[in-house]
Amino acid sequence: MENYSDLIQQTFNVPNADFDVKDQQLWFHGIPLMDLIARFETPLKFTFIPNIGHKIETANRLFQKAIATHNYQGKHIYSYCTKSSHYRFVLDEVLAHGSHIETSSAFDMAIVKRLYQENKIDKDVYVLCNGFKRPLYLEYIAAAINQGFHHCIPILDNMREVDFYTSHIERDFLLGIRVATEEEPNFDFYTSRLGIRYKDVVPFYQEKLAANPTIRLKILHFFINTGIRDTAYYWNELNKFVYKYCELRKVCDTLDSIDIGGGLPIKTSLSFEYDYEYMIGEIVRNIKQICDEEGVPVPNIFTEFGAFTVGESTATIYSILDQKLQNDKELWYMIDGSFITHLPDTWGINQRFILLPINQWDKPYHKVNLGGLTCDSQDYYNSDTHSAKIFLPKIEKGEPLYLGFFNTGAYQDALGGVGGIQHCLIPSPKHILIDQDDEGKLSYSLFAEEQKEDSMLKTLGYV
Ligand SMILES: Cc1ncc(COP(=O)(O)O)c(C=O)c1O
């Protein structure tokens with residue numbers, strides 16, 4: 001029978017830019033994963049920090065190229081969407097690559113304040129404040145602008161929101177409006193709950209904002225929930241949005257930017273194919289074409305890539321604790337963690353990640369189901385993006401088998417929670433940071449230990 005290595009090599013290009021296999025063991029971006037496991041033990045997740053910076057450089061380069069190709073007279077401004085991963089080490093890397101920031105909550109503003117105190121940002125940084133805002137968030141935004149963050153820009157989620165700013169901000173300020181996009185045809189709702197309806201945008205500006213000398217409406221914002229994809233739906237929504245920008249621009253001289261949100265995809269499968277250069281080129285070309293037709297200046301383009309920035313920097317590694325044959329056909333490999341708590345998108349939206357064994361590539365393979373440690377019957381994983389089945393090496397004579405879920409760096413910690421109470425009191429895994437110097441030398445540091453019982457007992461009121 002073929003071994004696992006043959007199976008993968010028949011179907012995919014491995015080695016590739018991300019993965020290599022040496023002595024039947026997996027490497028990720030030059031990191032020997034078995035050495036990592038030997039040193040830190042599973043369950044663990046690790047973040048390879050340079051991948052974050054590389055992503056920002058890639059997107060910036062592709063936008064610059066498209067801007068040059070189409071002789072586009074506007075700028076691209078990369079603004080990292082913090083909600084995809086709020087960690088300080090992420091923000092440090094993001095800001096070191098010249099990115100600006102998009103926020104979604106009051107506590108994000110506390111992070112901005114801290115970054116300023118630590119000289120990681122100055123008051124020129126763009127802080128794009130999105131979301132439906134509770135009083136504390138509104139207060140923090142107004143305070144930041146009053147303190148001189150002159151590029152802190154509230155993006156209105158609804159028309160009432162501006163009243164707070166006009167009564168609490170003591171200087172001229174920039175403003176954005178989010179338009180509510182139409183959802184994809186198969187979604188439960190027609191129109192997004194986020195933002196202001198298309199038809200209200202221009203009248204709202206004319207009736208409420210135009211006459212106010214302290215307000216400079218700068219940005220029109222939209223976000224397509226299903227991401228930037230080469231579909232009729234995406235291009236249709238983008239074009240509709242750019243036409244709205246042109247309509248508004250004709251009555252509002254201060255409007256000089258659009259924000260196209262996040263949604264640049266990441267590799268969730270070894271067979272992932274996406275032409276980033278083509279898509280970014282087409283976005284820039286479309287915007288220019290419509291603006292030229294309409295006779296208005298092209299806007300600067302803000303982006304808020306979250307998953308794209310951090311997703312591919314992180315992986316989560318488990319050991320197989322045991323195997324259980326529950327009937328003639330259904331074999332379970334039990335991992336030393338939980339999908340529901342550590343990788344909640346796998347459970348909540350059936351998200352698939354790249355799944356590969358770390359060792360035993362020379363062993364025969366078979367079909368398995370992966371079981372998590374919670375008692376919930378939904379805590380399992382048994383398909384890939386490209387296949388309805390999972391194949392993994394057979395475990396022989398009690399030899400250990402380790403698995404990696406790759407590109408798990410966006411949203412999983414924010415959704416699953418880190419350090420709180422989780423289903424069946426499954427602890428958060430330890431977290432290792434891996435950096436690389438200019439000579440390519442890797443350095444490892446323990447960012448967080450595996451969660452201990454004390455913190456859970458405290459949260460639960462026992463201590
Ligand atoms: C307003 C806004 N911008 C940007 C993003 C980031 O999206 P992504 O992680 O797909 O790039 C989100 C995600 O929910 C969002 O709501």
Side-chain angles (χ1 to χ4, degrees), residues 51-52 55-56 58-60 62-63 76-87 90-91 94 97 99-109 126-133 137 141 152-158 161 175-184 187 189 191-196 219-231 233-234 237-238 241 257-268 272 274 276 279-280 283 301-314 343-345 348-349 351-353 407-416:
N51 271 6
I52 299 170
K55 289 290 168 178
I56 297 173
T58 302
N60 280 340
L62 294 179
F63 269 98
H76 165 240
I77 302 157
Y78 199 107
S79 308
Y80 170 59
C81 160
T82 60
K83 65 178 148 264
S84 50
S85 177
H86 286 102
Y87 287 114
V90 171
L91 266 297
V94 158
H97 285 80
S99 175
H100 298 259
I101 299 171
E102 185 241 353
T103 64
S104 42
S105 84
F107 297 170
D108 261 320
M109 299 306 289
Y126 282 106
V127 182
L128 308 175
C129 305
N130 261 311
F132 191 99
K133 302 168 185 78
Y137 192 14
I141 293 169
C152 177
I153 310 182
I155 310 279
L156 299 183
D157 175 76
N158 57 67
E161 190 185 319
L175 194 68
I177 294 179
R178 178 168 180 166
V179 287
T181 48
E182 299 307 315
E183 300 284 9
E184 234 181 350
F187 198 59
F189 305 97
T191 309
S192 168
R193 71 175 189 284
L194 305 153
I196 294 172
I219 301 181
L220 196 64
H221 177 288
F222 97 140
F223 175 54
I224 293 291
N225 197 24
T226 45
I228 297 179
R229 291 179 302 140
D230 192 11
T231 58
Y233 165 70
Y234 181 76
E237 286 302 310
L238 178 70
F241 171 69
S257 303
I258 57 172
D259 184 333
I260 60 169
L264 213 50
I266 61 167
K267 292 175 208 143
T268 54
F272 173 84
Y274 185 87
Y276 291 94
M279 290 301 287
I280 290 173
I283 289 172
I301 304 169
F302 284 86
T303 54
E304 301 168 348
F305 300 136
F308 177 81
T309 315
V310 281
E312 294 184 16
S313 63
T314 297
L343 300 171
D345 273 349
I349 55 170
Q351 177 69 54
R352 303 294 93 177
F353 293 105
N407 303 348
T408 57
Y411 301 109
Q412 301 318 293
D413 287 357
L415 293 172

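Start at 1 and go down the list; that is how both ligands and their atoms are numbered.
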Distance-only donor-acceptor check, side chains His86 and Asp413, under 3.5 Å: no
Contact atoms of ligand 1, heavy-atom distance to Phe305 under 4.0 Å: 11 (O)
Atoms of ligand 1, numbered as shown, that sit under 4.0 Å from any heavy atom of Ala307: 8 (P), 9 (O), 11 (O)
Tyr276-Phe308 aromatic ring centre distance below 6.0 Å: yes
Shortest reach to atom 12 (C) of ligand 1 by a heavy atom, considering only Glu102, His221, Lys83, Arg178: Lys83
Donor-acceptor contact below 3.5 Å, side chain Asp157 vs main chain Gly195: yes
Test item: Glu182 side-chain N/O and Glu237 main-chain N/O as donor-acceptor pair under 3.5 Å: no
Nearest-0.5 Å distance that lies between atom CG in Leu220 and atom CD1 in Ile196: 9.5 Å
Region of Tyr411 that comes within reach of ligand 1 [heavy atoms, distance under 4.0 Å]: side chain
Residue portion contacting ligand 1 (non-hydrogen atoms closer than 4.0 Å) for Cys81: side chain
Nearest non-hydrogen protein atom, atom 4 (C) of ligand 1: Glu304 O, 3.2 Å
Shortest protein heavy-atom distance from atom 10 (O) of ligand 1, along with the residue and atom involved: Gly263 N, 3.2 Å
Sub-4.0 Å heavy-atom approach of Phe223 to ligand 1: yes
Close side-chain approach of Asp259 and Arg178, heavy atoms under 4.5 Å: no
